[in-house]
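Below is one structure; the comments refer to it alone.
Just so you know, residue 1 is the first one in the sequence shown, and it goes up from there.
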Amino acid sequence: MSMKNAAYKKFKDISREEHISPGTALCTGCGGLLALRLAYKVLGENVVIVNAAGCFTLLSVYPYSPFSSSWMYTAMACAPAGAQGIRDALDILIKKGKLKSEENLKVVVLTGDGAANDIGLQSTSAAIYRGLDFYYFCYDNEAYSNTGFQMSSATPYGSRTATSLPGEINPQGTVQRKKDLFEIWRAHKPPYLATVSPSHPVDLSNKFEKASKFEGPKLFIALSPCPPGWSFDASNSVNIARLAVQTGIWPLKEAVYGEVKHTVIPKFKPVEEYLRTQNRYDHLFNPVKQVDVIDNIKKDVEQYWERYLDS
């Protein structure tokens, strides 16, 4: 979406209305919560959230809820299946005239990267295959954070988690590369998918607005800086998310029926500026700088952008 045709051209265009009350039980500085708040401003209150078990389970703890809309909790593996049941029920009620079309609800699956990439991938793939009309919001904090920050398949190479600690055998910490959820979804050929960041609220808002024009599965992967898991001061969440974009580590992009477009082209700050902001990468610099590991991270970023810029 070009800025000429964008619904949101500057920060002041974003609604001041809030659909998530403050004072939740989530960690201070949670990047995922900020991204969800921004998304909610576009989606409005006519939403039903289907929440897979994870960090955001703490948002709505019976009998209290911070949402201005409906919410349903499911196990990690089955949120898309729950979304299917709700969507079918709404469609049947509308067809029978028991629910006015203007009272229809947007169905949103809310999930962490662990359920999105691992435990819930089977039911998600099935829902996309069926063409379920839903939004899929993945807050990607790159680990199983609510249970102690264990490694997930979204954990980046070279970082430290509770289950991929740097040591004599693997001094770099996490050996595996991060799974590409964007491309996994794109292979299913849904109408719309995007990556977003809380550091770029206008970009995020325009993507949710654009997605609302499509019927079918719609994916949003939100980079979600995690102060306790990534080990940084909570006041730095947005700055770290911005650095991820500026260094090229977190590409902001969208795909409409499979055609990919990058919505922000960074100026490519040094990758080390991003790595040094978080203690989960501290072992790459202390007590000895692991030049080979840092170079591998740089190479991965460079190769990604070479593929795009040369195409």
Keeping [X] on the side-chain end and [Y] on the backbone end, is there a donor-acceptor pair under 3.5 Å?
X	Y	value
Thr263	Leu252	yes
Asn170	Gln172	no
Gln84	Pro80	no
Asp13	Lys9	yes
Ser205	Tyr8	no
Lys179	Ala154	no
Asn279	Phe232	no
Ser199	Val238	no
Ser237	Gly29	yes
Thr24	Pro22	no

Subject >> Cation-pi geometry met for Arg276 and Phe285 (6.0 Å, 45°) >> reply: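 Positive - Arg276 is close enough to the ring of Phe285 and near enough to its axis.
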Original post:
Looking at Tyr192, is Lys218 sitting on its ring face, NZ or CZ under 6.0 Å from the six-membered ring centre and within 45 degrees of the normal?
Top reply: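 Negative - Lys218 is either too far from the ring of Tyr192 or too far off its axis.
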Greater than 12 external heavy atoms within 6.0 Å of [X]'s [atom1]:
X	atom1	answer
Glu102	CD	yes
Glu215	CD	no
Lys213	NZ	yes
Glu103	CD	yes

Residue pair [X] / [Y], side-chain heavy-atom distance below 4.5 Å:
X	Y	answer
Arg160	His283	yes
Val47	Leu105	no
Val301	Thr247	no

Hey, could you give me the [atom1]/[atom2] distance between [X] and [Y], rounded to the nearest 0.5 Å?
X	Y	atom1	atom2	value
Ser164	Gln176	OG	CD	7.5 Å
Leu275	Tyr281	CG	OH	6.0 Å
Glu142	Thr174	CD	OG1	10.0 Å
Ser70	Ile49	OG	CD1	9.5 Å
Tyr135	Phe137	OH	CZ	13.0 Å

Quick test of your reading of the model: are [X] and [Y] salt-bridged, counting only N-O distances below 4.0 Å?
X	Y	result
Lys41	Glu17	no
Asp295	Lys299	no
Asp203	Lys253	no
Glu302	Arg307	no
Asp91	Arg87	yes

Original post:
Which residue, Cys55, Cys27, Cys226, forms the side-chain contact (heavy atoms from CB on, under 4.5 Å) with Asn146?
Top reply: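 By the side-chain contact (heavy atoms from CB on, under 4.5 Å) criterion, Asn146 pairs with just one of Cys55, Cys27, Cys226: Cys55.
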Decide if the gap between the ring center of [X] and the ring center of [Y] is smaller than 6.0 angstrom.
X	Y	result
Tyr304	His262	yes
Phe268	Trp305	yes
Tyr136	Trp185	yes
Phe208	Phe220	yes

Shortest non-hydrogen separation from [X] to [Y] and the atoms involved:
X	Y	result
Pro266	Gly248	CG-CA, 4.1 Å
Asn104	Asn46	O-CB, 3.9 Å
Pro251	Ile249	CD-O, 3.4 Å

**OP:** Only counting residues at least two apart or in another chain, list the ones meeting ring-ring contact (aromatic ring centres under 6.0 Å, His included) with Tyr139.
**Re:**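 Partners of Tyr139 by the ring-ring contact (aromatic ring centres under 6.0 Å, His included) criterion, ordered by chain and then number, come out as Phe56.
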Subject >> side-chain hydrogen bond (donor to acceptor under 3.5 Å, both in side chains), paired with Asp113, selected from Ser145, Ser152, Ser153 >> reply: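 Exactly one candidate clears the test, Ser152.
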**OP:** May I ask you to decide if the ring planes of Tyr73 and Trp71 are parallel, tilted or perpendicular, using 30° and 60° as cut-offs?
**Re:**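 Judged by the thresholds at 30° and 60°, the geometry between Tyr73 and Trp71 is parallel.
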Subject >> Donor on one side chain, acceptor on other, His188 and Ser125, under 3.5 Å >> reply: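 Yes, Ser125 and His188 have a side-chain donor paired with an acceptor closer than 3.5 Å.
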Original post:
Going by atom types only, do Gln150 and Thr147 share a side-chain donor-acceptor pair under 3.5 Å?
Top reply: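 Their side chains do contain a donor-acceptor pair, which is all the 3.5 Å distance test asks for.
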